[in-house]
> 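Take this structure first; my questions come after.
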Amino acid sequence: MKIAVLPGDGIGTEIVAEAVKVLNALDLKIEMETALVGGAAYKAHGHPLPEATLKLAKQADAVLFGAVGDWQYDNLERALRPEQAILGLRKNLGLFANLRPAICYEQLVDASSLKPELISGLDILIIRELTGDVYFGQPRGRRVATDGLFPGADEAFDTMRYSRPEIERIAHVAFQAARKRSRRVTSVDKANVLETFQFWRDVVTEVGLQYPDVELDHMYVDNAAMQLVRDPKKFDVVVTGNMFGDILSDEAAMLTGSIGMLPSASLNASKQGLYEPSHGSAPDIAGKGIANPLATILSAAMMLRYSLDQEAPAQRIEAAVKSVLAQGLRTADIFSPGTTRVSTLEMGAAVLRAL
Ligand code: NAD
């Protein structure tokens with residue numbers, strides 16, 4: 001098993017270091033190689049995703065990614081900004097499936113803005129299609145309208161489109177993920193209004209026939225947005241398109257209330273994946289040693305589960321994280337009175353002890 005380790009900028013280096021220690025402690029035969037990405041790579045090599053970094057990522061079974069970005073790069077031309085590294089990796093590795101679990105840890109139940117009884121025990125997985133939909137559909141642009149309500153007026157337009165193979169492959173990811181969980185998939189669409197999403201519903205239903213052991217239901221996106229805050233525990237796996245997934249995955253993430261706890265995975269057709277915390281490089285706290293490394297450590301667990309087929313060690317890491325929370329250890333972002341405040345290094349060390 002070979003992993004490309006790309007810590008990136010800001011707190012990226014601090015939190016990835018802790019995840020690497022955890023992986024090393026597992027006694028698995030994992031080869032890890034580190035490379036620069038984002039602003040750090042721009043500084044050293046003049047590009048946020050240097051050829052050597054991309055080559056390493058392509059050759060690896062998985063990429064463990066920290067975060068990129070810093071205010072000092074905000075005035076660079078778009079192609080050289082640190083964030084372009086993520087888009088470049090997605091494109092070059094063909095990462096089309098974004099998996100974001102939203103898990104409510106019992107000890108952090110008060111961090112949510114929802115009532116404890118609504119989210120206690122929450123464990124859902126949002127799967128977002130990442131490379132299609134209205135975000136990438138052509139044609140798009142600005143023009144002078146020749147028809148519509150205001151002919152002759154300036155207008156802008158985008159194209160929503162999905163092909164059968166694009167829908168089939170994301171549906172397979174959802175059904176297969178459900179098999180590792182509670183075997184329920186909710187496909188979210190807008191089939192009542194959009195042709196693209198009636199097609200989406202038809203194709204997901206067809207793919208579902210190949211998974212008779214997984215229960216499939218369909219929900220309109222407006223209702224899904226409502227149900228996520230009304231009764232989120234009714235969901236197991238939610239699969240949806242790029243734009244609806246963009247919105248719903250942030251909504252679901254915030255159900256748990258703590259950004260430092262949220263891992264994510266982006267997968268391609270051969271299960272190669274990029275694993276990263278859902279948060280950014282947090283330049284405001286970089287170098288202070290107070291960042292929460294748990295989202296990155298949990299991303300490493302997802303990497304073991306989804307790209308390396310190592311379910312048992314993945315569960316060991318997740319159990320270790322639960323155990324340190326039960327011990328009352330908290331980084332500053334999840335601290336509450338009555339718990340013990342620890343640094344990034346101390347949190348990493350506590351996870352190692354729990355392992
Ligand atoms: P951010 O997620 O970096 O930070 C938002 C807030 O959450 C900050 O107050 C930060 O201190 C806090 N925070 C985030 N992660 C934390 C952690 N692990 N522990 C404790 N506190 C944490 O978002 P932002 O401030 O909007 O963006 C900062 C930079 O990160 C920007 O350059 C942005 O482009 C970049 N960014 C990168 C990614 C990525 O690499 N995937 C994602 C989002 C933002």
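Remember, it's 1-based here, ligands and their atoms both numbered in the order they're listed. Note: hydrogens, waters and symmetry copies are ignored here, and every other heavy atom, side chains too, is used.
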> Is the shortest side-chain N to carboxylate O distance from Arg100 to Asp250 below 4.0 Å?
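Here Arg100 pairs with Asp250 in a salt bridge, since their nearest N and O are under 4.0 Å apart.
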> Taking Arg305 first and then Glu318, would you say they form a salt bridge - that is, a charged N and a carboxylate O separated by under 4.0 Å?
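Salt bridge: yes.
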> Closest non-hydrogen protein atom to atom 38 (C) of ligand 1, residue and atom name please, with distance?
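Nearest neighbour among protein heavy atoms for atom 38 (C) of ligand 1, to 0.1 Å: Gly280 CA, 3.6 Å.
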> What I want to know is whether Ser278 and ligand 1 share at least one N or O pair that is separated by under 3.5 angstrom.
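No, since none of the N or O atoms of Ser278 sits under 3.5 Å from an N or O of ligand 1.
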> Could you tell me, atom by atom, which parts of ligand 1 come under 4.0 Å of a heavy atom of Glu276?
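By the 4.0 Å cutoff, the relevant atoms are 41 (N).
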> Got a salt bridge between Asp213 and Arg179, using NZ or NE/NH1/NH2 to carboxylate O under 4.0 Å?
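Yes, Asp213 and Arg179 are salt-bridged.
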> Out of curiosity, is Ala295 lining ligand 1, as in a heavy atom under 4.0 Å away?
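In this structure, Ala295 fails to qualify as a contact of ligand 1 - no heavy atom is under 4.0 Å.
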> Under 3.5 Å, is there a donor-acceptor pair linking the side chains of Glu83 and Tyr73?
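No pair is found: no donor N or O on one side chain lies under 3.5 Å from an acceptor on the other.
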> Does Phe335 have Arg330 sitting over its ring (NZ/CZ under 6.0 Å from centre, angle to axis within 45°)?
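No - Arg330 does not lie over the ring of Phe335 by the 6.0 Å and 45° rule.
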> For atom 33 (C) of ligand 1, which protein heavy atom lies nearest, and how many Å away is it?
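Its nearest protein heavy-atom neighbour is Glu83 OE2, 3.5 Å.
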> Are the charged groups of Lys271 and Asp309 less than 4.0 angstrom apart, N to O?
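Salt bridge present between Lys271 and Asp309.
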> In terms of atom number and element, which parts of ligand 1 are under 4.0 angstrom from non-hydrogen atoms of Ala67?
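Counting atoms of ligand 1 from 1, those under 4.0 Å from Ala67 are 40 (O).
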> Check each of Thr331, Ile11, Val68, Ile334 against atom 16 (C) of ligand 1 and report the one with the nearest heavy atom.
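Checking each option, the heavy atom nearest atom 16 (C) of ligand 1 is found in Ile11.
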> Tell me, which protein residue and heavy-atom name are nearest atom 29 (C) of ligand 1, and how many Å apart are they?
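Closest protein heavy atom to atom 29 (C) of ligand 1: Ser281 OG, 3.3 Å.
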> Among Ser264, Ala282, Gly260, Gly66, which one puts a heavy atom closest to atom 4 (O) of ligand 1?
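Among Ser264, Ala282, Gly260, Gly66, the closest heavy atom to atom 4 (O) of ligand 1 comes from Ala282.
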> Could you find the nearest protein heavy atom to atom 39 (C) of ligand 1 and give me its residue, atom name and distance?
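Residue, atom and distance for the closest contact: Ile86 CD1, 3.5 Å.
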> Is any side-chain N of the basic residue among Asp222 and Lys190 closer than 4.0 Å to the acidic one's carboxylate O?
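Between Lys190 and Asp222 there is a salt bridge, with a charged N closer than 4.0 Å to a carboxylate O.
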> Against heavy atoms of Gly69, which atoms of ligand 1 measure under 4.0 Å?
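Atoms satisfying the 4.0 Å criterion: 32 (O).
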> Could you find the nearest protein heavy atom to atom 25 (O) of ligand 1 and give me its residue, atom name and distance?
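Going by distance alone, atom 25 (O) of ligand 1 is nearest to Pro283 CD, 4.7 Å.
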> For Ala291, take its heavy atoms, then give the atoms of ligand 1 lying under 4.0 Å from any of them.
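Under 4.0 Å from Ala291, ligand 1 has these atoms: 19 (N).
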> Which is closest to atom 15 (N) of ligand 1 by heavy-atom distance: His279, Arg81, Lys288?
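Closest candidate by heavy-atom distance is His279.
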> Can you list the atoms of ligand 1 that are under 4.0 Å from a heavy atom of Asp70?
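Those of ligand 1 that fall under 4.0 Å from Asp70 are 32 (O).
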> Below 4.5 Å, heavy atoms only, C-beta onward: do Phe157 and Pro139 meet side chain to side chain?
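Touching, per the 4.5 Å side-chain cut-off.
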> Hey, looking at atom 22 (C) of ligand 1, which of Ile285, Asn292, Leu294 has the closest heavy atom?
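Considering heavy atoms of Ile285, Asn292, Leu294, the nearest to atom 22 (C) of ligand 1 sits in Ile285.
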> With a 4.0 Å cut-off, would you call Arg164 and Glu206 a salt bridge?
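So Arg164 pairs with Glu206 through a salt bridge.
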> Considering non-hydrogen atoms of the protein only, which is the closest contact for atom 7 (O) of ligand 1, and what is the distance?
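Closest protein heavy atom to atom 7 (O) of ligand 1: Ile259 CG2, 4.0 Å.
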> With the threshold set strictly below 4.0 angstrom, can you tell me whether any protein non-hydrogen atom sits that near atom 27 (O) of ligand 1?
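Within 4.0 Å: no protein heavy atom nearby.
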> In terms of relative ring orientation, are Phe244 and Phe197 parallel, tilted or perpendicular, with 30° and 60° separating the classes?
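It falls in the tilted class, 30° to 60°.
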> So, are Arg181 and Asp123 salt-bridged, with charged N and O less than 4.0 Å apart?
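Yes, Arg181 and Asp123 are salt-bridged.
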> Check this for me: does any side-chain nitrogen of one of Arg183 and Asp236 sit under 4.0 Å from a carboxylate oxygen of the other?
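A salt bridge is absent here (no side-chain N lies under 4.0 Å from a carboxylate O).
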> In the protein, what heavy atom is nearest to atom 8 (C) of ligand 1, and what distance, to one decimal place, separates them?
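Nearest protein contact, heavy atoms only, for atom 8 (C) of ligand 1 is Asp284 OD2, 3.4 Å.
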